[in-house]
Amino acid sequence: MAVETPLKGNIGDSIRRKEDDRFIRGRGNYLDDIVLPGMLHMSIHRSPFAHARIKSINTEAASAVPGVIAVVTGALLAQHKLAWMPTLSGDTQAVLVTDKVRFQGQEVACVIATDPYVARDAASLIEVDYEVLPAVVSPQNALKPGAPLIRDEKEGQTNNHIYHWEAGDKAKTDEAFAKADRVVKLDTFYPRCHPSPLETCGIVADINSATGHATLYMTSQAPHAHRTLFAIVAGLPEQNIRIISPDIGGGFGNKVPIYPGYVVATAASLLIGKPVKWVEDRSENLISTGFARDFHMSGEMALSNEGRILGLRVKLLSDNGAFYADAQPTKFKAGLFHIVTGSYDVAAAHVEADGAYTNKAPGGVAYRCSFRVTEASYLIERLVENAAIEMKMDPADIRLKNFIKPEQFPYTSATGFEYDSGDYPRAMQLALDKLGYRELRKEQAEKRKKGELMGIGVASFTEVVGAGPGKHYDIAGLRMFDSAELRVHPTGKAILKLGVKSQGQGHETTFAQIVTEELGIPAADVEVQEGDTDNTPYGLGTYASRSTPVGGAATAMVSRKLRDKAKKIAAHLLEASEADIEFDHGKFFVRGSPSKSKTIQDVAFAAYTNLPDGMEAGLEGVTYYDPPNMTYPFGTYLVVVDIDRGTGQVKVRRMVAVDDCGVRINPMVVEGQIHGGLTEGFGIAFMQLITFDEEGNCLGSNFTDYLLPTAWETPKFEMGETVTPSPHHPIGAKGVGESATVGSPAAFVNAVIDAVGHLGITNIDMPVTSDKVWEALNKAGAAE
Ligand code: CDP
């Protein structure tokens with residue numbers, strides 16, 4: 001009988017996720033599970049109007065409800081200088097309204113009560129006298145002369161324009177266009193969508209009036225950065241603030257910003273002297289917290305007659321809502337959109353971006369995305385598809401012709417990114433082979449003769465993840481590095497503490513595996529802790545797939561630091577010179593005599609019991625890792641669709657996804673990440689839309705209007721991998737968490753366009769719903 005050796009958890013081992021034991025037994029500890037003695041509950045009264053001046057607020061009826069402890073208004077917060085707070089993009093945002101509401105669902109007043117239902121009922125009794133103002137719901141209208149001024153409280157703000165930003169070389173790009181044989185254009189809109197984590201946002205604020213200590217349990221993807229910002233905004237001493245992010249039920253960028261609810265609950269706890277809990281409901285999450293995208297994009301691609309891309313010109317108009325609250329590095333007003341040249345060797349590119357205020361909730365969070373790279377990837381992949389149609393080239397061939405070649409890495413893009421490594425043709429070839437691409441093209445041609453609509457979508461994305469380096473990338477001025485602290489106990493068991501914070505990505509497993517690889521301690525013996533600012537080293541948190549590139553690198557580096565010390569101790573134990581000690585998978589031995597060895601567990605014990613003279617006791621350390629560059633995962637996604645001419649319904653027949661994220665720590669976890677990302681990409685491409693009517697009413701405020709893909713409609717994914725290690729990451733890994741959400745929407749839409757391009761239909765904006773497809777077919781005279 002074959003005996004299976006249990007996996008120790010080295011890099012490359014698909015061990016089961018340690019954290020799932022508690023999750024599948026219902027023993028996770030989420031924000032709403034936290035109950036403190038004497039805890040009060042908060043509910044928010046929100047504006048029904050998108051744009052309205054507040055004439056008066058009457059809180060009498062609400063205050064009279066038995067169980068209500070306090071009603072907090074903007075006027076009260078203003079007395080404590082807390083009515084406004086800074087955003088992550090250097091703007092200001094109202095905590096509770098003092099002058100006028102600027103989006104539907106904006107926070108107007110809060111009720112604190114002994115029971116959550118009492119708080120909610122009382123909040124509905126708050127009477128607000130509004131003078132309704134005309135709402136501005138598109139950035140195009142917002143920028144028209146005479147448009148209602150949304151941010152009239154800002155000194156010097158005379159219109160709704162927020163920023164103008166450019167990247168790349170305009171003159172060189174103009175030259176490339178002057179020489180081009182052809183120019184392909186695409187105007188497209190990446191609609192507003194919502195990260196929709198299954199757990200909504202919330203806080204339990206517990207300020208001890210005797211000690212002044214504030215313990216804030218928060219659904220935070222970035223607890224350390226949030227602590228610093230709280231200290232600055234609320235004027236609390238930072239050492240007295242402890243932020244604890246408990247288990248988090250999905251974040252996807254939605255839990256990066258600081259929301260008014262967090263601030264009011266904290267202020268209320270400070271003023272009342274009791275813990276205050278606030279947990280938003282689904283509609284509150286959908287109408288008022290961190291949206292994503294909402295980018296109007298105009299792209300032009302200059303091409304030679306042979307199909308070489310010579311230049312790229314892009315104009316962007318961003319709808320930022322009422323407050324400019326994008327979570328992104330300060331220098332880059334449109335995030336990392338300027339990676340828009342994607343996987344292609346394009347000599348010249350120029351991007352111009354403008355942002356506008358509208359009467360919508362603030363947005364711009366990196367929804368499973370590295371700061372707007374998703375919009376960039378969508379635009380370039382859609383443009384290449386349209387170039388292929390116009391030039392009558394195969395969409396795979398035009399990509400192969402223009403890919404950055406493997407020998408060109410490290411490659412500097414026209415807008416200044418240094419791509420670390422890649423082999424794009426290999427990933428594409430694997431995907432084409434897996435799909436049986438050339439055969440399917442023949443089937444498509446046959447079907448087309450019969451009038452049937454079948455499409456094959458191609459997208460070859462390149463991502464940029466793992467911010468810093470700190471000298472270029474910051475959030476609200478805080479440099480983007482990350483950290484790991486490792487303590488090995490005398491019995492050889494370890495605790496790893498990280499500055500990043502999992503929201504379901506499996507860090508407790510995969511980061512332990514890095515320690516296993518570097519030190520030989522089995523992953524089961526490494527406890528991973530995150531999310532408690534008192535007990536973990538400072539870090540910028542988890543979003544934009546930065547945990548593995550930065551926190552993972554810090555883990556490898558701190559493990560190596562400990563290994564160096566362990567080697568000295570092993571030399572002492574083995575009575576040999578340190579220079580003669582070798583290390584292999586948890587064993588130190590004297591070169592040439594492998595039988596003379598000590599395990600890492602022996603060495604750990606000696607670190608506390610039998611040290612060389614003069615050596616400090618213990619086996620622990622901390623590393624703050626500032627990455628030299630970001631990592632550039634990539635892949636090719638292929639989608640096959642069939643379209644019904646009678647209904648416009650699109651059926652995804654197959655999807656092949658080949659991803660390259662460098663070395664995979666835990667291939668099973670990586671596949672899970674890709675599955676989740678593809679599912680979200682599918683939802684964005686075909687189902688999801690947060691839109692507004694002319695009065696600024698949000699028309700996607702629940703899960704019957706805003707559709708999350710379920711197992712019912714999600715297609716089956718066929719996966720493949722190539723491995724091109726990152727040359728600068730200590731273990732060669734690149735981030736992967738968001739690759740699939742970045743790369744897949746274009747693959748889905750390209751499949752639809754591939755099916756209908758010969759009818760002259762070259763664009764259908766997402767979500768590609770059956771009514772839009774039918775409408776386009778009908779216009780082209782091809783609907784049934
Ligand atoms: O920052 P975030 O955790 O969202 O994204 P990530 O760094 O891409 O990691 C997502 C999950 O996949 C983590 O558990 C990683 O450790 C794991 N991963 C992996 O096993 N191998 C890679 N090359 C990249 C990520």
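In listed order, ligands and their atoms are each counted from 1. The shown structure was predicted, so the numbers you read here are calculated from the model rather than taken from an experiment.
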>> I'd like to know if R22 and D247 make a salt bridge, using a cut-off of under 4.0 Å between side-chain N and carboxylate O.
In response: yes
>> Classify the ring geometry of Y411 against Y419: parallel below 30°, tilted from 30° to 60°, perpendicular beyond 60°.
In response: perpendicular
>> Heavy atoms only, cut-off 4.0 Å: how does V736 contact ligand 1, side chain, backbone, both, or neither?
In response: both
>> How far is atom 5 (O) of ligand 1 from the closest protein heavy atom, and which atom is that?
In response: S545 CA, 3.6 Å
> Counting from 1, what ligand 1 atoms have a heavy atom of G506 closer than 4.0 Å?
Replying inline: 14 (O)
> How close does the nearest protein non-hydrogen atom get to atom 20 (O) of ligand 1, and which residue and atom is it?
Replying inline: N666 N, 3.0 Å
> Parallel, tilted or perpendicular: which describes the rings of Y538 and H224, with under 30° parallel and over 60° perpendicular?
Replying inline: tilted
>> Suppose we measure from atom 19 (C) of ligand 1 to each protein heavy atom; which comes out shortest, and what is that distance?
In response: V670 CG2, 3.3 Å
> In chain order, what residues pass the side-chain contact (heavy atoms from CB on, under 4.5 Å) check against D525, with sequence neighbours excluded?
Replying inline: K493, I521, P522
>> Give the atom numbers and elements of ligand 1 that come within less than 4.0 Å of a heavy atom of G735.
In response: 8 (O)
> Are G662 and ligand 1 in contact, using a heavy-atom cut-off of under 4.0 Å?
Replying inline: no
>> Counting non-hydrogen protein atoms only, what is the nearest one to atom 12 (O) of ligand 1? Give residue, atom name and distance.
In response: V669 CG1, 3.7 Å
> Who's the nearest protein heavy-atom neighbour of atom 23 (N) of ligand 1, and how far?
Replying inline: V663 O, 2.7 Å
>> Would you compute the distance between atom CD1 of I404 and atom OG of S343 and round it to the nearest 0.5 angstrom?
In response: 6.5 Å
> Which of the listed options, A733, S547, P549, G12, holds the heavy atom that is closest to atom 1 (O) of ligand 1?
Replying inline: S547
> Which bit of T509 is near ligand 1, meaning a heavy atom under 4.0 Å away: side chain, backbone, both or neither?
Replying inline: neither
>> Out of all atoms in ligand 1, which are within 4.0 Å of some heavy atom of R664? Include the element for each.
In response: 21 (N), 23 (N)
>> Taking the six-membered ring of F23 as reference, does the cationic atom of R27 (NZ for Lys, CZ for Arg) lie under 6.0 Å from its centre and within 45° of its axis?
In response: no
>> I'd like to know if the side chain of R560 and the backbone of P730 have a donor-acceptor N/O pair within less than 3.5 Å.
In response: yes
> Within 45° of the axis and under 6.0 Å from the centre of the six-membered ring of F291, does NZ or CZ of R192 qualify?
Replying inline: yes
> For ligand 1, which atoms sit closer than 4.0 Å to a heavy atom of T542?
Replying inline: 1 (O), 2 (P), 3 (O), 4 (O)
> Quick one: does ligand 1 sit under 4.0 Å from the side chain of R546, the backbone, both or neither, non-hydrogen atoms only?
Replying inline: backbone
> R293 side chain to Y367 main-chain N or O, any donor-acceptor pair under 3.5 Å?
Replying inline: yes
> Looking only at heavy atoms, is any part of T548 under 4.0 Å from ligand 1, and if so is it the side chain, the backbone, or both, or is it neither?
Replying inline: both
>> For atom 16 (O) of ligand 1, what's the nearest protein heavy-atom neighbour? Residue, atom name and distance, please.
In response: T510 OG1, 2.7 Å
> Which is closest to atom 24 (C) of ligand 1 by heavy-atom distance: K734, H507, Q505, E671?
Replying inline: K734
>> Side chains of D420 and S726: any donor to acceptor distance under 3.5 Å?
In response: yes
> Should you measure from each heavy atom of C661, which atoms of ligand 1 turn up under 4.0 Å away?
Replying inline: 23 (N)
> Under 3.5 Å, side chain of E375 to main-chain N/O of F295, donor-acceptor pair present?
Replying inline: no
> Who's the nearest protein heavy-atom neighbour of atom 21 (N) of ligand 1, and how far?
Replying inline: I665 N, 3.0 Å
>> Under a 4.0 Å threshold between the charged nitrogen and the carboxylate oxygen, would R282 count as salt-bridged to E284?
In response: no
